[in-house]
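Reading through the structure tokens given below for one structure.
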Amino acid sequence: MGREPGVAARHRGRRAAPHPRQRRAPGVRRDARERRLGADRGDRPLPRRDHQAVLEGEHGPRGAERAAGGGCRAADRERAAPGGAERGHRGRPPLRRRGLHLLRPRGARRGREAPRQDGGGRRAAGRRLRGLMSDNPPDRDPAMHRDERDRRRKLAEIEGLGVPAWPSRYAASHTLEAATEAFGDLDGPGLEAIPEEERTVRVGGRIVAIRSFGKAAFLRLSEGPGTLQVHVRRDVLTERDFAVSKALDLGDWVGVTGPMFRTRTDELTVRADSLVFLAKALLPLPEKWHGLADRDTRYRQRYLDLLGNARTREVFRSRAAMVSAMRRFMDGEGFLEVETPMLQPLATGAAARPFQTRHRALGIDLYLRVAPELYLKRLVVGGFPRVYEINRNFRNEGLSTRHNPEFTMLEFYRAFSDCADMMEITERLVIAAARAVLRGEPAVFGDDEIRFEKPFARVSLLEVTGAALKEQGVPLEDDDLRSAPPLAEAHRRLDLPLPPDESAGKLLLSLFEALAERRLVQPTFVTGYPVEVSPLSKASPEEPGITERFELFAGGLEIANGFSELNDPDEQAARFGEQMAKRQAGEDHAMDWDYIEALRHGLPPTGGCGVGVDRVAMLLTNSPAIRDVILFPHLRPREGR
RNA sequence: GGGCCCUUAGCUCAACUGGCAGAGCAACUGACUCUUAAUCAGUAGGUUGAAGGUUCGAUUCCUUCACGGCUCACCA
């Protein structure tokens, strides 16, 4: 609420003196100026059903009505008493809501008759509904877009013609995409050579462009990934269908039946022999040239973004393709897809602040999970040696271009595997995901080109951080990179804030994140994470302070984190204990005795890995912000207004 | 929470050093039966985010606030 249009509408409603408008009988031709939305492609394909119906003889207005009437009752009534529904509306002026004239001093001054009709029970119901939604009198309701009045008037015109305004069903013979595919290969003469019945289609879509010529018009329909032009002619349509066509607005949904042909400019087009009204858009489409540009509106009203911006639709198609490729890959590797609790009594598996909630019946507090990790490993204990889950995690932290409070992670575990195996499979997984979206092309991410090709670089945390420090003019010896005081000194010299826990491991990781992470553009496995920052990974037998763990970076983003799972229950209990002892402000660690008990039943040597699905989607769709790959990202709630 | 930036018609944006607030698109009225950002003629649409200050005069300069963005911090 409180979006710009509403605010402006409020001002206008209060003080603007609308220009007097001629009253017209329903169905009278409206303006003939053309309107249009930038041509684009739609998104979802429509289910193909009854595609043959039209080709089996349901041509013409009759058939169209039948389809529009949702079957039936409405259409049958219509046939029984043509124009019957019209009577109730005939003679009424177009929709104006009662009391509007009070706000129109100029019109009144000019002596123009103030509109004061009720518009029928349906109108009244709509008004009551709006009354419920808002404390404002309807005519100054800020929720009423300035264009909505006109659109409601046209809706009334359509209803006044006896046409069902909100039919239930539409039996298309083709999706727009399918119709284009079926006839797109034929040129004009080629189409003419086919009998009309055989090139007749029944298609539906949203009107995204109207170019009107008084007695004829071109409509551009959009539906799913398809788009198709429709030619409307007065000498072809029934009088009523033509009247409906004159009352259409951009954004409305219609269906048409007629033969395909090619225009003089060679565009594949349906000649509308009949036209069915399917649904009204009371609010206008996003702006036609620039699309929807306002970031905030794009996120808050994603449907408008999808409607107006082909690029947005493409991003989310790519994301879907990527996720299904990941799923196919895991299935192909013999992993079992599982679902583990989102509501957990303890938020474990990652060091992050959880969201807290309450279960009434049980009388307990629960947390939204921060990671599925410990549950998935319980499943390995239970005898599912390969499991994975693609699902949401919730972390009660700040929002940024790389963080959304809920994000999607693919997490998988494989028995008899270690960190190195996990790197190998992660590499193949990420390449498979990239291939599904990019089809072999390198990923363009900002100014960089990222090549998801075997083998990904491998580098140790010590090496890469040491090199970055050296470049910053703060060279440290290997020993110093493992020791807290020199690492803390490096922070001071580089004017970096110290992490709350000043262990050597945290300090090293802090320097890595500050100096090195962003520069890992090509896919790179970083290995050798200190034990202090890896409480769930197994320590290396050779280097006691170092774990068998890796993180994968690309485009400067962390996209995966995997390790040899710590399966010694005593060691795990000790690590949890250390964490609790060191508990810092904000860090909310807990001893998960239930998990320890599971480990005591014996977890085989297991490798695990989590992949940030949103982050990978960012890389593969060249999206600089995580919000661009999440359909409905979290935003600060709108205030005031 | 800190820093920087933005806010002008429904949308996208102009408006010189402080001097009558504009355009395109959308809307509305009219013309037009093959258009492709169709075209043509006309109409309407603004408390320039809010409040205060400086000034003869504020969209413009100053202060505060609000909304939004970016960024930093937080985020094993």
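Chain letters run A, B, ... following the sequence lines, proteins first and then strands; every chain starts at 1.
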Determine the Euclidean distance between corresponding P atoms of B:A21 and B:U54; express it in Å to zero decimal places. 22 Å
What integer number of Å spans the C1' atoms of B:G45 and B:A23? 14 Å
Return the nearest nucleotide to the side chain of A:L509; candidates are B:U33, B:A76, B:C34. B:A76
Taken to the nearest whole Å, CG/A:L250 to P/B:C28 is 10 Å
Has the side chain of A:K246 got a donor or acceptor atom that lies under 3.5 Å from a matching backbone atom of A:G214? yes
Of B:C28, B:U35, B:A76, the nucleotide closest to the side chain of A:K506 is B:A76
Could you check how far CZ of A:R264 sits from P of B:C34, rounded to whole Å? 6 Å
Polar side-chain atom of A:R627 near backbone of A:N404 as donor-acceptor pair, under 3.5 Å: no
Taken to the nearest whole Å, CD/A:E397 to P/B:G1 is 18 Å
5'-most by nearest nucleotide on RNA chain B - A:D235 or A:S534: A:D235
Which whole number of Å gives the distance between the P atom of B:U17 and that of B:G3? 29 Å
Distance check: side-chain N/O of A:K154 vs OP1/OP2 of B:C28, anything under 4.0 Å? yes
Let's see if you can work this out: which of B:A27, B:U33, B:U35 has an atom nearest to the side-chain heavy atoms of A:R234? B:U33
Trace of the salt bridge (Lys or Arg N to Asp or Glu O under 4.0 Å) decision for A:D249 with A:K280: CA-CA 8 Å; A:D249 284 305; A:K280 186 73 190 168; 2.7 Å; yes
Would you mind classifying the nucleic acid contact of A:S400 as base, sugar-phosphate or nothing, using non-hydrogen atoms under 4.0 angstrom? nothing
N or O in side chain of A:R627 less than 4.0 angstrom from B:G69 OP1/OP2: yes
Pair pattern of RNA chain B in dot-bracket, where unpaired bases get dots and | marks partners in another strand, Watson-Crick or G-U under 3.5 angstrom: (((((.(..((((.....[..)))).(((((.......))))).....(((((..]....)))))).)))))....
Work out how far the C1' atom of B:U8 is from that of B:G49, and round it to whole angstrom. 10 Å
Taking atom C1' in both B:C75 and B:C4, compute the distance separating them and give it to the nearest angstrom. 23 Å
Tell me whether A:F218 is stacked on the nucleobase of B:U35, counting only the six-membered base ring and applying the 5.5 Å and 30° thresholds. yes
A:L498 CG - B:C74 P separation (whole Å): 10 Å
So CD1 of A:I158 and CG of A:L248: to nearest 0.5 Å the spacing works out to 5.5 Å
Round to the nearest Å and state the distance from A:R211 atom CZ to B:C40 atom C1'. 17 Å
Suppose you measure atom C1' in B:G46 against the same atom in B:G22; what distance do you get, rounded to whole Å? 11 Å
Should the ring pair A:H231 and A:F261 be called parallel, tilted or perpendicular, given that the plane angle runs from 0 to 90° and is split at 30 and 60? tilted
Between B:C28 atom P and A:L248 atom CG, what is the distance in whole Å? 12 Å
Applying ring pair (Phe, Tyr, Trp, His ring centres under 6.0 Å) to A:F553 and not counting sequence neighbours gives A:F512
A:I210 CD1 to B:A26 P: how many Å, rounded? 11 Å
P gap between B:A58 and B:A51, integer Å: 14 Å
Mark yes or no for a side-chain to base donor-acceptor pair under 3.5 Å between A:H231 and B:C34, with no hydrogen or angle criteria applied. no
Looking at A:R233 and B:U33, is any side-chain donor or acceptor paired with a base atom of the opposite kind under 3.5 Å? yes
List the residues meeting side-chain hydrogen bond (donor to acceptor under 3.5 Å, both in side chains) with A:R518, not counting sequence neighbours, and say none if there are none. none
Are A:R392 and A:E406 within salt-bridge range, i.e. N to O under 4.0 Å? yes
Of the candidates B:U33, B:U29, B:A76, the side chain of A:A216 sits closest to B:U33
Strictly below 4.0 Å: does A:R518 bring a side-chain N or O up to OP1 or OP2 of B:C72? yes
Looking at A:M260, is its backbone amide N or carbonyl O close enough to the side chain of A:R199 to form a donor-acceptor pair, meaning the two atoms are under 3.5 Å apart? yes
Just the rounded figure in Å: distance from P of B:C75 to CZ of A:F407. 15 Å
Between B:C56 and B:A15, how far apart are the two C1' atoms, rounded to whole Å? 22 Å
